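Here's the structure we're looking at; comments come further down.
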Amino acid sequence: MEKPAPYAQSKPLVVDEVTLQRPGPGEGLVKVVGAGLCHSDLSTIDGSRPRPMPMVLGHEAAGIVQEVGSHVQDLRPGDHVVFSFVPMCGRCIYCATARPALCENGGRANGAGTLLDGGRPFQDRQGRILHHHLGVSAFSQYTVAAQESLIKIDPTVPLENAALFGCAVLTGVGAVVNTAKVEPGMAVAVFGLGGVGLSVVMGAQLARAYPIVAVDTVDAKLELARKLGATHLVNARERDPVQSIKDLTNGGAHYTFEAVGNEQVLHQAYQATRRGGTTVTIGLPHPSRMLSVPAVGIVADERTIKGSYMGSAVPRRDIPRFLELYQAGLLPVDLLLTRTIALDEINEGFDALAHGEAVRQVVRFSH
Ligand SMILES: [Zn+2]
Ligand SMILES: [Zn+2]
């Protein structure tokens with residue numbers, strides 16, 4: 001893959017007919033209704049997050065179970081589901097200690113581009129076996145997933161909106177409530193206002209943080225952050241975000257969140273964190289990038305740098321929990337959804353995402 005932008009011309013994603021195996025033991029066949037375009041798909045397309053190719057991409061989605069294999073206990077045809085992009089094996093030490101985002105068997109399968117049991121159910125017209133994307137592979141009308149990747153949800157939630165709970169909302173709100181555990185009145189700053197960063201803003205509002213400072217270089221995203229609960233906006237092209245946050249928060253935020261995936265921005269987030277504070281890193285920088293900070297400050301200022309993967313979530317607990325907050329009007333997730341697109345507009349969609357012209361676009365499948 002690794003074709004240059006603009007993707008509308010280079011077409012790194014090819015829309016074609018593939019064949020899909022029936023679900024094996026412990027698996028379900030799902031009709032995908034909505035699948036979101038996420039920055040980590042973009043990182044797979046541009047090669048900054050290398051994955052085995054060729055692959056059926058897409059990891060943020062919701063759909064309806066059509067058929068289940070043997071040994072599937074809790075799902076049946078007709079159930080509405082959101083996909084978890086880390087399958088939780090339930091047996092490893094991380095699953096056993098309520099940290100399934102770090103699941104060893106799930107991580108191994110995701111790295112290899114297979115389902116949890118090693119299967120790869122998609123094949124192209126030439127008979128080539130295609131890799132699976134994070135156990136989901138949602139840019140397809142139908143997909144097969146392990147039951148450990150499928151979270152049953154309330155069927156009254158529109159599935160285009162529910163899709164966003166699989167990645168953006170789980171990761172962003174989870175970073176606030178699970179990783180940082182922000183408390184009322186704590187000062188929060190968020191760097192990078194994509195779907196995840198804006199979900200951090202929503203989570204901070206839910207946690208009654210104050211002030212909530214949102215940082216980006218695109219005014220439209222800053223305005224959206226205001227609607228989602230940001231109390232102060234900083235355009236990093238116009239003002240130094242570190243100094244601005246220090247001024248707005250009496251010397252630095254208690255919690256800063258980096259949702260760009262850039263080590264220089266992470267460095268700024270660290271500098272904008274006050275003594276005793278916590279810098280939460282959510283974005284995924286290229287594996288070759290390093291972060292350099294004064295080592296003594298970690299001790300003398302009692303600073304914490306905390307990684308947050310998939311919002312440190314327990315998807316079976318948190319996806320239904322966040323959906324309930326959404327239904328109660330406490331998480332205005334609909335505002336993240338810029339537009340729905342058709343599958344054959346997907347390359348243009350990734351151009352719009354790369355240029356910051358869209359927060360979340362969801363492929364809506366016609367069946
Ligand atoms: Zn994602
Ligand atoms: Zn596990």
Side-chain angles (χ1 to χ4, degrees), residues 38-40 164 167-274 277-285 304-313 322 331-333 335-336 356 359-360:
C38 170
H39 254 278
S40 51
L164 304 188
C167 181
V169 177
L170 189 63
T171 302
V173 178
V176 176
V177 304
N178 294 327
T179 312
K181 298 188 168 68
V182 171
E183 292 176 340
M186 299 287 110
V188 163
V190 186
F191 288 73
L193 302 173
V196 171
L198 288 166
S199 295
V200 171
V201 171
M202 274 192 280
Q205 149 108 325
L206 187 71
R208 295 252 175 265
Y210 186 87
I212 301 169
V213 186
V215 183
D216 202 284
T217 55
V218 179
D219 282 328
K221 291 186 179 181
L222 289 163
E223 280 311 316
L224 187 49
R226 190 197 299 281
K227 288 189 189 138
L228 294 167
T231 59
H232 299 79
L233 310 177
V234 176
N235 186 325
R237 275 197 212 288
E238 293 163 10
R239 283 194 286 157
D240 171 26
V242 175
Q243 195 53 51
S244 302
I245 291 165
K246 285 184 171 171
D247 292 345
L248 290 165
T249 59
N250 264 327
H254 294 92
Y255 296 96
T256 59
F257 295 85
E258 197 277 353
V260 177
N262 178 298
E263 75 286 355
Q264 286 162 12
V265 177
L266 177 56
H267 194 260
Q268 289 182 323
Y270 184 77
Q271 289 176 303
T273 310
R274 74 168 60 189
T278 300
T279 310
V280 180
T281 161
I282 312 172
L284 293 162
T304 303
I305 302 174
K306 245 180 153 174
S308 179
Y309 189 58
M310 199 169 74
S312 311
F322 295 164
L331 284 177
V333 172
L335 293 174
L336 299 184
V359 174
R360 270 304 193 261

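Hydrogens, waters and symmetry mates play no part in the numbers below; they use all other heavy atoms, side chains included. The structure displayed is predicted, hence computed values, not measured ones.
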| message | Before you tell me yes or no, could you show the steps for L206 and V176 under side chain to side chain contact (heavy atoms under 4.5 Å, CB included), namely the whole-Å CA-CA distance, both residues' side-chain angles and the distance that decides it to 0.1 Å? | response | CA-CA 9 Å; L206 187 71; V176 176; over 6 Å; no
Flag the pair [X] / [Y] as yes when at least one side-chain heavy-atom distance between them is below 4.5 Å, and no otherwise.
| X | Y | answer |
| --- | --- | --- |
| T281 | I305 | yes |
| T256 | Q268 | no |
| L336 | L228 | yes |
| V215 | F257 | no |
| I245 | F191 | yes |
| L224 | L335 | yes |
| E223 | L233 | yes |
| F322 | V177 | yes |

Which heavy-atom pair separates [X] from [Y] by the least distance, and what is that distance?
| X | Y | value |
| --- | --- | --- |
| L170 | M310 | CD2-CG, 3.7 Å |
| A225 | L193 | CB-CD1, 3.8 Å |
| G356 | K221 | O-CE, 3.6 Å |
| G229 | I212 | O-CD1, 3.5 Å |
| A187 | T249 | CB-CG2, 3.8 Å |
| G307 | T179 | O-CG2, 3.7 Å |

| said: Between D216 (side chain only) and L222 (backbone N and O only), is there a donor and an acceptor less than 3.5 Å apart? | reply: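 Side chain of D216 to backbone of L222: no pair is present.
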Point-to-point distance, once rounded to the nearest 0.5 Å, from [atom1] of [X] to [atom2] of [Y]:
| X | Y | atom1 | atom2 | result |
| --- | --- | --- | --- | --- |
| N250 | R274 | CG | CZ | 6.5 Å |
| T304 | Y255 | OG1 | OH | 9.0 Å |
| K181 | T278 | NZ | OG1 | 11.0 Å |
| Q243 | L248 | CD | CG | 10.0 Å |
| D247 | R239 | CG | CZ | 8.5 Å |
| R360 | H39 | CZ | NE2 | 8.0 Å |

| task | Write out all pairs satisfying side chain to side chain donor-acceptor pair (under 3.5 Å) with one or both partners inside residues 197-209, taking only residues at least two apart or from two chains. | result |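 Counting only pairs at least two positions apart or across chains, no side chain to side chain donor-acceptor pair (under 3.5 Å) contact touches residues 197-209.
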| said: Does anything in residues 227-237 form a side chain to side chain donor-acceptor pair (under 3.5 Å)? List the pairs, not counting sequence neighbours. | reply: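 Listed once each, the pairs are D219-N235.
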| Residue list, side-chain hydrogen bond (donor to acceptor under 3.5 Å, both in side chains) with D240, at least two apart or on another chain |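 Applying side-chain hydrogen bond (donor to acceptor under 3.5 Å, both in side chains) to D240 gives none.
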